[in-house]
Amino acid sequence: MDRGYEQVLAARARGPEQIAYAVDRETQSILSVLRLVPEDRRTVVRESLQPLAASLKRFGGDQSARASAVPSQPPDPQLAEAAKIVVKRKGIGTIPLDELAPGQREGYPSGAWASTPIIALYWCDGRRNLAEV
C-alpha cells in the first residue's frame, strides 16, 4: 500500500490528471490480488480491499487539491528545448560502465544496477523526447 501512496505523491508534481491516473493504476494493483483468490471467496476479499482502495482515492483527492492550491512555476526553458529532441539508443541493453573504476565515472552510477539510468535508457526508444525521458 505504501507504494500506492508514493506513486500518487510522485504524480502530484505532474498535475491532477497524473494523480488520477496513479490512483487508478494503484487501485487496479490492489485489486489484482483477486485473481489469486478462489472464486467462491472473491466477494469477501473484494469487500475487505475496498477500504484500502477508498483510502487511496481520498489521498489522491487530497493531493489533487494541494497540487491545484500551489501556484504554478514558470516553465523551465531547458525543458522546452528538451521536448524538441527525440532520443534513441544505439545499442541493446544497459550501459554498465563496468570497465571504468567508480572514480572515473564522473559521478554517473553504473547502468547495470541503478534503476534510474536503466529506466531512462529504455525510454530512449525513438518515440519519446528528452523531456519525457
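When a residue number appears, it is its place in the shown sequence, counting from 1. Everything quoted here is computed from the prediction, not taken from an experiment.
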Using residues 83-93 as the side-chain source, report each donor-acceptor pair under 3.5 Å to any protein atom, sequence neighbours left out, with the distance given to one decimal.
from: K84; atom 1: NZ; to: E81; atom 2: OE2; distance (Å): 3.2
from: R89; atom 1: NH1; to: G91; atom 2: O; distance (Å): 3.4

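- I119 is not listed as a side-chain neighbour of V133, based on a closest heavy-atom distance of 4.5 Å or more.
- Of all non-hydrogen atoms in L56 and I30, the two that sit nearest each other are CD2-CD1, 4.1 Å.
- Once rounded to the nearest 0.5 Å, the distance linking CG of L31 with CD of E26 reads 11.5 Å.
- Atom OG1 of residue T27 and atom CD of residue Q50 lie 9.0 Å apart, to the nearest 0.5 angstrom.
- Residues F59 and L9 are in side-chain contact: their nearest non-hydrogen atoms beyond the backbone lie under 4.5 Å apart.
- For D62, the salt bridge (Lys or Arg N to Asp or Glu O under 4.0 Å) test picks out no residue, with sequence neighbours left out.
- Nearest heavy-atom pair, R35 versus R42, reported as atom, atom and distance to 0.1 Å: O-NH2, 3.8 Å.
- Nearest heavy-atom pair across A82 and N129 is O-CB, 3.8 Å.
- Between the CZ atom of R25 and the CD atom of Q18 there is a distance of 12.0 Å, given to the nearest 0.5 Å.
- When hydrophobic clusters are built by joining Ile, Leu, Val, Met, Phe, Trp and Tyr residues whose side-chain heavy atoms come closer than 4.5 Å, directly or via intermediates, L49 is grouped together with V8.
- One distance of note links CZ of R128 with OH of Y122; it measures 13.5 Å at 0.5 Å rounding.
- At distances below 3.5 Å, not a single donor-acceptor pair connects side-chain atoms of S55 with backbone N or O atoms of P51.
- Taking a 6.0 Å sphere around CD of Q78, one finds it holds 12 or fewer heavy atoms contributed by other residues, nucleotides or ligands.
- In this structure, the separation between CG on L79 and CG on L130 is 9.0 Å, given to the nearest 0.5 Å.
- Taken from CZ in R127 to CG in D125, the straight-line distance is 4.5 Å, to the nearest 0.5 Å.
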